[in-house]
Number of protein chains: 2
Amino acid sequence: MLSKEPGSPLDESKPPHSLRHVAQLAGVSVATASRVMSGSSHPVSERTRQQVLSAAESLSFVPNRLARALVTARSHTVGVIVHDISDPYFGDIVKGLEDGIHAEDYQLFVANSDRDPEKELNYVRAFDANQVDAIVFAASSLTDPDYADTLQKLATRFRGRGGAIVLLSDHLLEGPRVLFDNHRAAADMVGYLAGRGHRRIGYISGPPELEVSHVRLAGFNAAVAELGLGAGPEYIADGKFTLEGGGAAIPKLLDRVDVTAVLAANDLMAIGATRQLLSMGFAVPDDISVAGLDDIPIAEYGPVPLTTMRVPTYEIGRAGASLVLQALGDDVPADIRLAGEIVVRESVSSIGPPA
Amino acid sequence: MLSKEPGSPLDESKPPHSLRHVAQLAGVSVATASRVMSGSSHPVSERTRQQVLSAAESLSFVPNRLARALVTARSHTVGVIVHDISDPYFGDIVKGLEDGIHAEDYQLFVANSDRDPEKELNYVRAFDANQVDAIVFAASSLTDPDYADTLQKLATRFRGRGGAIVLLSDHLLEGPRVLFDNHRAAADMVGYLAGRGHRRIGYISGPPELEVSHVRLAGFNAAVAELGLGAGPEYIADGKFTLEGGGAAIPKLLDRVDVTAVLAANDLMAIGATRQLLSMGFAVPDDISVAGLDDIPIAEYGPVPLTTMRVPTYEIGRAGASLVLQALGDDVPADIRLAGEIVVRESVSSIGPPA
DNA sequence: CGCGCTCATGTAAACGATTGCCACGGCAAC
DNA sequence: GTTGCCGTGGCAATCGTTTACATGAGCGCG
C-alpha cells in the first residue's frame with residue numbers, strides 16, 4: 001500500500017473530483033475514503049484518516065449529495081410551499097424555517113403556490129420527485145374539492161416513502177403543526193385595552209368566510225364577557241380585510257355605540273379605521289384609541305403608529321423547523337402553539353386612572 | 001388497488017415504485033420504460049408506450065430526480081442567495097426567479113446569507129454539493145477580503161462542473177447579470193419633476209460609502225445639468241438611508257436654498273423628509289413636493305402617499321431566470337438592464353404652467 | 001502455538017435512473 | 001435468396017456514494 005506510486009492512472013479528464021480520486025490519491029479504497037468523509041462510525045486508523053483528509057483537501061473535494069441521497073434515501077432537503085414569497089409574512093416564516101434547518105445542514109426548496117390548487121399539487125409532486133425529506137405547508141389548505149382529494153393521496157404516498165409533513169397553519173392534512181393562537185391574540189389585546197381603562201371597545205371583524213375571522217371574533221367576545229366590558233352585537237361591525245373595509249366600519253360602529261377604543265381584526269383595517277376617524281375629526285388616540293392585530297410592516301408607518309399584536313412569524317418558521325427535525329429524527333413531535341406579543345406604539349391612550 | 005394478475009413476481013417489499021416496477025408491470029425492460037418516461041428520442045412503438053404509460057399511471061409512478069440527475073449530470077435545480085428573504089425586495093426577486101425557472105421545471109433552493117460572508121460561502125459550497133445547475137446571487141457581493149478570494153475559487157470550481165452563475169446586482173464575480181439602472185432612475189425622476197414645472201430641486205443623497213449613492217447622485221446631477229435646473233452643492237444634502245436621515249437633511253437643505261421639490265435617494269428618507277416638512281409647517285405637496293426612489297411597500301402608506309420610482313424587483317427575478325435558462329441552454333446570455341417606472345401618488349404637485 | 005477477538009481495510013452490491021451498443025425481425029432491393 | 005437497413009427493444013455499464021460482508025493482521029491468553 002504505497003502512497004507514492006509513480007504514474008498512478010488518475011483520470012484527469014473529468015475536472016470535478018469524486019471520491020475515487022480522493023481514494024486514489026490517498027492510496028486507499030473508495031470505501032475507506034467514504035468512511036472518513038461521511039463521518040461513518042466504522043473505525044478508520046488515524047493515519048489513514050489524515051491521508052484521506054489531506055487528499056480531499058488538496059483536491060478540494062466536495063461530496064455529491066445526490067449520490068449520497070440515492071443510497072441513504074435521505075436527501076437532506078426540505079420543501080416549503082407558501083402562497084406568496086413576496087409577502088413578508090411568508091418571507092419571515094421561510095426565513096425562520098431556513099435558519100432552523102440550515103443549522104442541521106438541510107437545504108430548503110421554496111415553492112410559490114399563488115393560491116392555485118393545481119400549482120400547489122404540482123409542487124408537492126415535484127418535491128416528491130426530488131426526494132425531499134419533508135414538506136412544510138406554510139399556509140392553510142385551499143378549498144378546491146378535487147384538490148383535497150388529490151392532496152391526501154399525494155401525502156399518503158409521500159409519507160409511505162418516509163417523508164414528513166409539517167403544517168404551519170390550519171390544514172386539512174394531519175401532521176405536526178405549529179399554530180398561532182388567534183383566539184388568544186384577540187383576547188389578549190382586549191385585556192390590554194381594558195388594562196388601560198377602556199370599557200367600551202368596538203370590534204371590526206373580518207369577512208365571515210374566513211376561519212380566522214371567527215376565531216378572532218370569538219376571542220374578542222370571550223374576553224369582553226370575562227372582563228365585563230360593554231358587549232353585544234352593536235359593538236361589532238365587519239368588513240373586508242382592507243383599508244377600505246376598516247374605514248367603512250367606523251361610521252357603522254359610531255352610529256350605534258359610544259366607544260373609547262376600536263380593535264380591528266387586522267392591521268390594514270385598523271389603519272383604515274384610523275384614517276377614517278381622523279378625517280371625521282376625531283383625534284387618535286386622544287378621542288378614540290385604535291388597535292390592530294398582526295403587526296404588518298406598515299403598522300409602524302401609518303397615520304398614527306399603530307399599537308398592535310405581533311404575529312411571531314419568524315418563530316413560526318423556527319418552530320416548523322424544529323418539528324421537521326424531530327419528525328425526521330424519529331421523534332413524535334407535539335404541536336406547538338405560539339402566542340403573540342403586544343407592540344405598543346401610539347394609537348392607544350390610557351383613560352383616566354380608576355383610582 | 002391491488003394488481004389482479006396472479007403470481008406476477010413483483011417485488012412488493014418496497015412500497016415506493018421505481019422504474020423497475022413499472023417496467024415489470026408493463027412487461028418491458030427498464031430501458032424501454034425509461035425511454036417512455038423520460039421522453040427519450042429513441043423510438044418506442046405506440047403500443048409499448050401506452051402499456052408503459054398506463055403501468056406508470058396505475059402505480060402512480062414518480063421518477064426519482066436524484067437518480068436521473070446522477071447520470072445526466074443535470075439536477076434541474078437552481079440555488080439563489082439573498083441577504084434576507086423576509087425583505088420584500090428579495091422576496092419579490094425570488095418570486096420572479098422562481099416563476100421563471102418553474103416554467104421550465106426547475107426547482108429553487110433559497111439561502112439567506114444575513115450578509116455574513118462565512119455563511120454565504122458555505123451556501124455556495126452546499127449548493128455545489130447539491131449539484132445545482134446554477135447559482136444566482138441576488139445581492140451585491142460583500143466586502144470581506146478573504147471572502148472575495150474564496151468566492152472566486154468556489155466559482156471557478158463550480159463553473160468547471162458546468163454550473164452557471166447569474167448576478168442580479170453589482171458583483172465581484174463575472175457572469176451574466178441583470179442590472180437596475182440607478183443612474184437613469186434618479187435622472188428620470190428629475191425629468192418627471194421638471195416636467196411638472198419644478199426648476200429648483202433639492203436632493204437628499206445616501207451615505208457615500210455605498211456605491212448606489214454615487215450612482216444615483218450622478219444621475220441626479222446629470223439630469224439637473226442637462227435640463228438647466230438649479231444646480232450646485234447647495235442643492236444637495238446627504239444622510240443615512242433612514243427615516244431620520246431624511247428628516248435631518250431637510251433643515252440643512254432649506255437653510256441653503258429655496259426649493260420647490262425634494263428628491264430623496266430612497267423612499268425611507270423621502271418619508272422622513274415629508275414628516276419633517278409637515279412638522280415644520282410646510283404642506284406637502286402644496287408648498288414643497290417630495291419624491292422618492294424604490295417604491296417600498298410603505299411608500300403608499302406614509303403621511304402623504306409618495307410619488308416614487310418602482311424598482312422592478314419581480315422583473316429582475318424573471319430576467320435572472322431567463323439568464324439562467326439561457327446559460328444552461330448553452331446560449332451566451334447578454335446582460336439585461338432594467339429601468340424603473342414612476343408611480344404617481346400624491347406627494348408631487350405641478351407648478352403653474354410655464355405658459 | 002493456535003483460538004478467537006478486535007480493528008482496519010477492501011470487495012462488491014446496492015440506490016434508481018439513462019444510454020451506448022447490440023440483437024432481432026421484417027421488408028425492400030438487387 | 002442474400003444483403004442491408006430500419007424500427008424496436010434488451011443488456012449492461014455508468015453516475016458517485018454508502019454499507020454489508022469478507023479478509024487479514026495483530027494480539028492476548030490458555
Side-chain angles (χ1 to χ4, degrees), chain A residues 1-3 10-11 13-52 55-56 59 61-76 128-131 133 161-162, chain B residues 10-11 13-52 55-56 59 61-76 128-133 161-162:
Chain A
M1 206 168 308
L2 318 170
S3 52
L10 201 74
D11 181 359
S13 67
K14 17 191 83 166
H17 302 294
S18 76
L19 252 197
R20 271 206 358 265
H21 302 267
V22 174
Q24 206 151 136
L25 182 58
V28 301
S29 74
V30 177
T32 301
S34 166
R35 293 198 259 256
V36 357
M37 295 313 294
S38 69
S40 153
S41 67
H42 196 100
V44 173
S45 77
E46 193 48 33
R47 214 172 83 77
T48 311
R49 173 179 310 276
Q50 290 309 330
Q51 281 169 23
V52 172
L59 295 179
F61 169 73
V62 175
N64 184 327
R65 299 280 218 125
L66 304 191
R68 175 190 305 213
L70 197 55
V71 20
T72 60
R74 279 279 177 239
S75 64
H76 257 239
D128 194 9
N130 277 287
Q131 313 294 112
D133 294 339
R161 241 202 40 221
Chain B
L10 202 74
D11 180 358
S13 65
K14 14 193 85 164
H17 302 294
S18 74
L19 251 198
R20 273 208 353 270
H21 301 266
V22 174
Q24 206 151 137
L25 181 57
V28 301
S29 73
V30 178
T32 300
S34 165
R35 295 198 257 253
V36 171
M37 298 311 296
S38 68
S40 152
S41 66
H42 193 97
V44 173
S45 76
E46 195 47 34
R47 213 172 85 75
T48 312
R49 173 180 308 277
Q50 290 309 330
Q51 281 169 27
V52 172
L59 295 178
F61 168 73
V62 175
N64 185 326
R65 299 279 220 128
L66 304 191
R68 176 193 303 219
L70 197 54
V71 20
T72 61
R74 278 280 178 237
S75 64
H76 258 238
D128 194 9
N130 276 287
Q131 312 293 113
V132 301
D133 294 339
R161 240 202 42 223

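Quick note on labels: first sequence line is chain A, next is B, and so on, each numbered from 1. Computed from a predicted model, the values in this text were never measured in an experiment.
Considering only side-chain atoms of B:Arg68, the nucleotide from C:dA17, C:dT9, D:dG16 that sits closest is C:dA17. Of the listed nucleotides (D:dC11, C:dT11, C:dA17), D:dC11 has the atom at the smallest distance from the side chain of B:Ala31. With distances taken from any side-chain atom of A:Val71 to the nucleotides C:dT9, C:dA8, D:dG16, the minimum falls on D:dG16. Comparing D:dG16, C:dG16, D:dT19 by their nearest atom to the side chain of A:Asn64 picks out D:dG16. Among the nucleotides D:dT17, D:dC11, C:dT9, the one closest to any side-chain atom of A:Phe61 is D:dT17.
With hydrogens and angles left out, the side chain of A:Arg65 and the base of D:dG16 share no donor-acceptor pair within 3.5 Å. Between the side chain of B:His42 and the base of D:dT8, no donor-acceptor pair under 3.5 Å is found.
For A:Arg35 and D:dT17, the CZ to P distance is 15 Å, given to the nearest whole Å. Note: NE2 (A:His21) to P (D:dG16) measures 7 Å, nearest angstrom. The separation between A:Asn130 atom CG and C:dG16 atom C1' is 14 Å, rounded to whole Å. Distance B:Arg20 CZ to C:dC15 P: 6 Å, rounded to the nearest Å. One interatomic measurement links the two molecules: CE of B:Met37 to C1' of C:dG16, which rounds to 13 Å at whole-angstrom precision. Following rounding to the nearest Å, B:Glu46 (CD) and D:dG9 (P) show an atom-to-atom distance of 11 Å. Between B:Arg74 atom CZ and D:dT14 atom P there is a gap of 22 Å when expressed in whole angstrom units. Distance, B:Leu19 CG to C:dC15 P: 13 Å, rounded to whole Å.
Once rounded to the nearest 0.5 Å, the distance linking CG of A:Asp133 with CZ of A:Arg74 reads 4.5 Å. Note: B:Met37 CE to B:Leu19 CG = 7.0 Å, rounded to the nearest 0.5 Å. To the nearest 0.5 Å, atom CD of residue B:Gln131 and atom CG of residue B:Leu70 are 8.0 Å apart. Here CG of B:Asn130 is found 10.0 Å from CZ of A:Arg68. Values are rounded to the nearest 0.5 Å. A:Arg35 CZ to A:Ser41 OG: the interatomic distance, rounded to the nearest 0.5 Å, is 10.0 Å.
Between A:Ser29 and C:dT9 there is no side-chain polar atom (N or O) within less than 4.0 angstrom of OP1 or OP2. Side-chain nitrogen and oxygen atoms of A:Ser45 include at least one within less than 4.0 Å of the OP1 or OP2 phosphate oxygen of C:dT9. One finds no side-chain N or O of A:Ser34 lying less than 4.0 angstrom from the OP1 or OP2 phosphate oxygen of D:dT19.
If you check every strand for non-hydrogen atoms under 4.0 Å, A:Ser40 touches nothing. Backbone-only engagement by B:Val28 is indicated by non-hydrogen atom pairs under 4.0 Å involving sugar-phosphate atoms exclusively.
The 5' end of DNA chain D is approached more closely, in terms of each residue's nearest nucleotide, by B:Thr48 than by the other of B:Thr72 and B:Thr48.
Of the possible polar contacts, one joining the B:Arg161 side chain to the B:Asp128 backbone as a donor-acceptor pair under 3.5 Å is found.
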